[in-house]
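Notes for the one structure printed next.
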Amino acid sequence: MNNYELMQNFLNNIKELAIDNPDTYIDEDIVYSCLIRYNIPNSKKPFENITHKFYLLYEYFKNNKNINLCEYPNFYFLVFQNGRLSGNEIKLYAPYDSKHIVEAAKKIFSFMAKNNITHQSKIAYIIRNDDLVIRVNTLEDAEKVIAFIQKDPFLRKNLLKVNPFLPNNNGIGMAMDNDFSFNSVLCEIISNFVLLLRNQNRINDLNVENLNAYIKESIPKIYDLDKRDIYKLLEKTTSKNFTLKDFYTHANNKLKDKYDLNGKRIATNPSYLEDAVRITEQYHPGYSIGAINQYIMNGNATGFTRKENARSNLIKNISPEMIMDTIINYLISKNISYSNNNDAIKKYVNSILNLNKENINENKTELNLDLNTIIEAIKRAYINTKFKYNKEQANNALQVLLMTGSLSYFTNQFNDRLYLKELSTKYDLRQCIMMYLGIDYTKSSIDDIVSKMEEIFTVKAL
């Protein structure tokens, strides 16, 4: 069978399991257990424990300066390493059974040590179809290892079959997954798809073609870039037309991304800020401008919602120092002019949300009742906020509005904030306040403007 047929066969096994056990949730762990023993004949003793053989490898490599061996608590692998990885490495799967894995490891890691290939590799405690995994920094190093295995009769002959969802280069699986596990993400996807099909009474539709469509539909909902890259790779490998060339195209594009010494992705993807704004506005209208300013000023991202991982993905991928560059680059790309940082943030948010606010004529008299209606609405929100909390909260709400355009500090007890939000889709509330106060306040400080509005709201009837 070819890889596509092997993938379908695996999904048939999962489908049969789901049908035979209708009350059992086919979770990621169940799928994973099936996957890592898939296509290993019983004669090769899948899941056989081989830790008692590890002393042979410690002894063999003890004097080799280019190979370090170690084990970590609760990490069920013997780890081999030489040098430091880039954080964006190529992953190779070269599994062997218990009879051959020690000799295979001696050959493969001796070759890598002799050629001083930087890598971090591991051998699992049990036999599985991913029991020997190698990570290297470049495609060139990956090809050297693959060529060596193919040229050695012992290594070539005794390779176990890797799982068919992997790109396969002469029997060796290839992937890129960074801090994630390719196999774990795959199993999570299959588990979620099985649950979806069960809920729709469509479990018989579990096949590779439908899985490919499900992966494709899911990609826009994946906000972590590294995880999204795994989805994109799986979209390729589950396609009937997949070739190894597709993996190399994927890998060459992904290798352009840079990572720091802690394995954190350095390349800034502006979509994380865009997503944070959209999702925050969806759940908390009017909050995003204040959230951006707060994040820039003190690194506090709590103004952004946690929903759909918007906040955590932003923190992970875009630092406060990078926010203004991200915003300005976006505005430049859209040919949107701006006068200062506050104006840039406002125009950025409006553009992301596709808000085409009507321009308010600078001539105050042409607004007539509209301006008074807007100021009256702000006054009501100010007074209600003052009575519910205190004068400091009300003044703070005005200050935040003037600084960022955010309405988040006004009370919504009487739908004041909601009404101001509706007005803000048509009018620039900050500009309305300045127009109401007149030209004398165009160069005043925010504190002076707030003090004046407090005085007006206290003694002046509009």
Side-chain angles (χ1 to χ4, degrees), residues 1-39 128-130 162-168 173 175 177 180-243 246-247 250 271-272 274-276 278-284 305-313:
M1 286 191 285
N2 61 32
N3 259 24
Y4 195 85
E5 292 168 333
L6 286 168
M7 285 188 286
Q8 184 57 62
N9 186 58
F10 178 76
L11 293 180
N12 288 342
N13 293 341
I14 298 298
K15 177 168 60 178
E16 184 178 341
L17 184 66
I19 292 172
D20 291 345
N21 300 275
D23 297 325
T24 300
Y25 169 45
I26 308 300
D27 63 15
E28 176 187 339
D29 291 339
I30 291 175
V31 179
Y32 190 86
S33 179
C34 295
L35 181 72
I36 61 175
R37 70 154 296 162
Y38 180 61
N39 220 18
R128 36 197 269 190
N129 61 19
D130 61 349
V162 296
N163 90 64
F165 294 88
L166 285 164
N168 192 307
D177 56 10
F180 292 89
S181 159
F182 178 93
N183 282 350
S184 293
V185 172
L186 167 62
C187 294
E188 176 186 300
I189 291 170
I190 294 174
S191 173
N192 290 340
F193 189 45
V194 168
L195 180 61
L196 175 67
L197 293 178
R198 268 182 161 177
N199 289 339
Q200 297 176 351
N201 293 317
R202 294 175 48 222
I203 192 63
N204 285 321
D205 290 338
L206 181 58
N207 58 47
V208 183
E209 182 179 2
N210 289 335
L211 178 66
N212 177 265
Y214 173 74
I215 293 170
K216 191 178 299 184
E217 291 173 3
S218 300
I219 288 173
K221 304 170 189 174
I222 305 303
Y223 296 100
D224 187 291
L225 284 178
D226 288 333
K227 192 172 188 179
R228 185 184 291 185
D229 284 341
I230 298 175
Y231 271 69
K232 288 180 178 178
L233 178 54
L234 280 165
E235 180 193 355
K236 294 177 184 290
T237 65
T238 54
S239 168
K240 211 165 194 174
N241 301 318
F242 174 76
T243 66
D246 295 324
F247 171 73
H250 172 87
S271 67
Y272 284 116
E274 295 173 21
D275 290 340
R278 287 194 188 96
I279 298 167
T280 297
E281 289 292 324
Q282 178 183 345
Y283 292 96
H284 306 287
T305 182
R306 287 195 182 99
K307 301 285 188 180
E308 301 179 41
N309 297 317
R311 184 192 301 171
S312 61
N313 283 332

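Heads up: numbering here begins at 1 and tracks the sequence.
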Test side chain to side chain contact (heavy atoms under 4.5 Å, CB included), reference I279, set K307, R311, E274, output is K307
| task | Decide yes or no on side-chain hydrogen bond (donor to acceptor under 3.5 Å, both in side chains) for N163 and N183, but give the supporting numbers first. | result | CA-CA 9 Å; N163 90 64; N183 282 350; 3.0 Å; yes
Do T237 side-chain atoms and F165 backbone N/O form a donor-acceptor pair below 3.5 Å? yes
> Taking D246 for the side chain and T243 for the main chain, is one N or O donor matched with an acceptor at less than 3.5 Å?
Replying inline: yes
Looking only at heavy atoms, the pair that brings Q8 and V208 closest together is OE1-N, 3.0 Å
Determine, step by step, whether N3 and N168 satisfy the side-chain hydrogen bond (donor to acceptor under 3.5 Å, both in side chains) criterion, reporting the C-alpha distance in whole Å, the side-chain angles of both residues, the deciding distance to 0.1 Å, and the verdict. CA-CA 9 Å; N3 259 24; N168 192 307; 4.6 Å; no
For K236 and F242 the tightest heavy-atom approach is O-CB, 3.1 Å
Residue pairs meeting ring-ring contact (aromatic ring centres under 6.0 Å, His included), one or both in residues 194-221, sequence neighbours left out, come to F193-Y214
Given 3.5 Å as the limit, does a donor-acceptor pair link the side chain of N129 with the main chain of Y38, or not?
yes
| Without hydrogens or angle criteria, can the side chains of E16 and N12 be said to hold a donor-acceptor pair below 3.5 Å? | no
Show your reasoning for whether side chain to side chain contact (heavy atoms under 4.5 Å, CB included) applies to T24 and I30. CA-CA 10 Å; T24 300; I30 291 175; 4.1 Å; yes
**OP:** Report the C-alpha distance between V194 and I190 in whole Å, list the side-chain angles of each, state the deciding distance to 0.1 Å, and finish with yes or no for side chain to side chain contact (heavy atoms under 4.5 Å, CB included).
**Re:** CA-CA 6 Å; V194 168; I190 294 174; 4.3 Å; yes
Between the CE atom in M7 and the CG atom in N207, the distance rounded to the nearest 0.5 Å is 11.5 Å
Heavy-atom nearest pair, I26 first then V31, reads CG2-CG2, 3.8 Å
Residues pairing under side chain to side chain donor-acceptor pair (under 3.5 Å) where one sits in residues 185-198, two or more places apart or in two chains, turn out to be E188-K227
Closest heavy-atom pair, A310 versus T305, reported as atoms and distance to 0.1 Å, is CB-O, 3.6 Å
Can you list the steps and then say if I189 with L234 is a side chain to side chain contact (heavy atoms under 4.5 Å, CB included)? CA-CA 10 Å; I189 291 170; L234 280 165; 3.7 Å; yes
